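The next block holds one structure in the form of structure tokens; read it before the comments.
Just so you know, residue 1 is the first one in the sequence shown, and it goes up from there. Please read all numbers here as calculations on a predicted model, not as lab measurements.
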Amino acid sequence: GDVTERIRVIIVDDESLVRAALRVFLESDDGFELVGEADNGADAIVVAREVRPDVVLMDVQMPKMDGIEATRRLTQELPGLKVVALTTFSAERVIVPMLGAGASGYLVKDTSPERILDAARLAHEGGYVLSPRVAKELISSVQNTEPAPTRTMGREEELTERELQVVKLLAQGMSNAEIGAEMFVSEATVKSHLSRITAKWGVRDRIQVLIRAAQLGLVKIT
């Protein structure tokens with residue numbers, strides 16, 4: 001029998017076509033079980049309370065309650081639940097609030113189905129995913145609100161050369177596996193670099209690492 005539990009997912013999107021497409025991807029993958037759908041944030045909360053999904057694929061712009069508010073409420077109320085934002089555009093003004101609300105990933109809807117499912121898997125395991133375009137926008141939005149490096153690094157915050165390399169690859173929207181391949185190290189090594197960086201900087205996760213790196217002027221949009 002199948003030992004690994006299937007990841008329970010709900011799809012929240014106000015476009016029935018998008019829901020239908022995501023439904024097809026999910027149902028064709030043994031690793032997932034689709035346990036509910038909603039077409040707005042308010043209904044998403046009702047459904048999630050009822051079925052207790054592992055991962056929510058969440059649209060950002062919706063009537064009745066948008067994805068940002070729904071994400072904030074769900075991640076507070078159901079601690080194990082992870083949200084991956086899916087949106088038709090990667091506008092700066094929604095990326096930062098959406099990630100700030102507790103989303104574990106932010107992908108543009110034209111991302112390949114494989115990557116969307118990978119993001120759901122990674123989120124479930126406690127990882128983070130940004131599509132490259134979103135990573136760029138996140139950094140540029142920090143730079144636009146805070147044009148000059150807004151803080152200098154204390155000695156205890158300084159990164160080793162390898163750690164800095166990890167941060168720069170992260171800023172390109174790479175996953176841990178992709179960073180590992182680029183640096184010729186294992187994914188586990190990338191993870192330990194990241195946990196040292198989050199510890200040195202006193203931040204929660206890789207999204208916060210990116211924001212801090214942009215504030216420190218370590219990564220720039222070229």
- Query: Does the distance from a Lys or Arg side-chain N to an Asp or Glu carboxylate O, for R6 and D54, drop under 4.0 Å?
  - Reply: no

- Item | Side chains of K82 and V56 in contact at under 4.5 Å (non-hydrogen atoms) | no

- Task: Indicate the atoms forming the closest heavy-atom contact of D13 with R19, along with that distance.
- Result: O-NH1, 2.8 Å

- Task: Using a 4.5 Å cut-off on heavy atoms from C-beta on, say whether the side chain of L130 contacts that of L99.
- Result: yes

- Message: Tell me the closest heavy-atom pair linking A120 and L57, and the distance in Å.
- Response: CB-CD2, 4.5 Å

- Message: Rounded at 0.5 Å granularity, tell me how far CG in D29 sits from CD in E114.
- Response: 9.5 Å

- Task: Please examine the side chains of P53 and V9, heavy atoms only from C-beta on, and report whether any two atoms are closer than 4.5 Å.
- Result: no

- Item | Spacing of N176 atom CG and L122 atom CG [to the nearest 0.5 Å] | 6.5 Å

- Mind checking whether V167 and H193 have side chains closer than 4.5 Å, heavy atoms only? no

- Got a second to check how far M58's CE is from T75's OG1, nearest 0.5 Å? 8.5 Å

- Task: State the CD-CG distance between Q61 and N40, to the nearest 0.5 angstrom.
- Result: 13.5 Å

- With the threshold set at 4.0 Å, does a side-chain nitrogen-carboxylate oxygen contact exist between E69 and K64? no

- Query: Taking T189 for the side chain and V185 for the main chain, is one N or O donor matched with an acceptor at less than 3.5 Å?
  - Reply: no

- Message: Taking V51's backbone N and O only, do any of them form a donor-acceptor pair with R8's side chain (distance below 3.5 Å, no angle check)?
- Response: yes

- Item | Residues R115, E178: salt bridge by 4.0 Å N-O rule | yes

- Message: So for atom CD, which belongs to E50, do other residues, nucleotides or ligands contribute more than 12 heavy atoms lying within a distance under 6.0 Å?
- Response: no

- Task: Using a 4.5 Å cut-off on heavy atoms from C-beta on, say whether the side chain of T198 contacts that of Q208.
- Result: no

- Message: Would you say that I68 contacts V60 through its side chain, given a criterion of any heavy-atom pair below 4.5 Å between the two side chains?
- Response: yes

- Message: A side-chain contact here means heavy atoms from C-beta on lying under 4.5 Å apart; do Q215 and L218 qualify?
- Response: no

- Item | Test item: side-chain donor near acceptor, S195 and S192, under 3.5 Å | no

- Query: Is the NZ atom of K200 crowded by more than 12 outside heavy atoms at less than 6.0 Å?
  - Reply: yes

- Quick one: CE on M183 to CE on M174, what's the gap to the nearest 0.5 Å? 11.0 Å

- Task: Mind listing the closest non-hydrogen atom pair of D39 and D43 along with its distance?
- Result: OD1-OD2, 3.8 Å

- Are more than 12 heavy atoms from other residues, nucleotides or ligands located less than 6.0 Å from atom CD of E158? yes

- Query: Between Y106 and L86, is any pair of side-chain heavy atoms under 4.5 Å apart?
  - Reply: no

- Task: Work out which heavy atom in V47 is nearest to a heavy atom in A38; give both atom names and the distance.
- Result: CG2-CB, 4.4 Å

- Within the distance-only criterion (no hydrogens, no angle test), does the side chain of T111 pair as donor or acceptor with the backbone N or O of L107 below 3.5 angstrom? no

- Return yes if a side-chain donor-acceptor contact under 3.5 Å exists between R121 and H124, otherwise no. no

- Message: Could you check whether any side-chain N or O of E163 sits under 3.5 Å from a backbone N or O of T160, counting only pairs where one atom can act as donor and the other as acceptor?
- Response: yes

- Query: Do W201 side-chain atoms and E157 backbone N/O form a donor-acceptor pair below 3.5 Å?
  - Reply: yes

- Heavy-atom closest contact (I45 atom, A70 atom, distance): CD1-CA, 4.3 Å

- Query: side-chain contact (heavy atoms from CB on, under 4.5 Å) with V55: which of V84, I10, V83, I11?
  - Reply: V84

- Query: What closest approach, in Å, do G41 and M62 show between heavy atoms, and which atom pair accounts for it?
  - Reply: N-CE, 3.7 Å

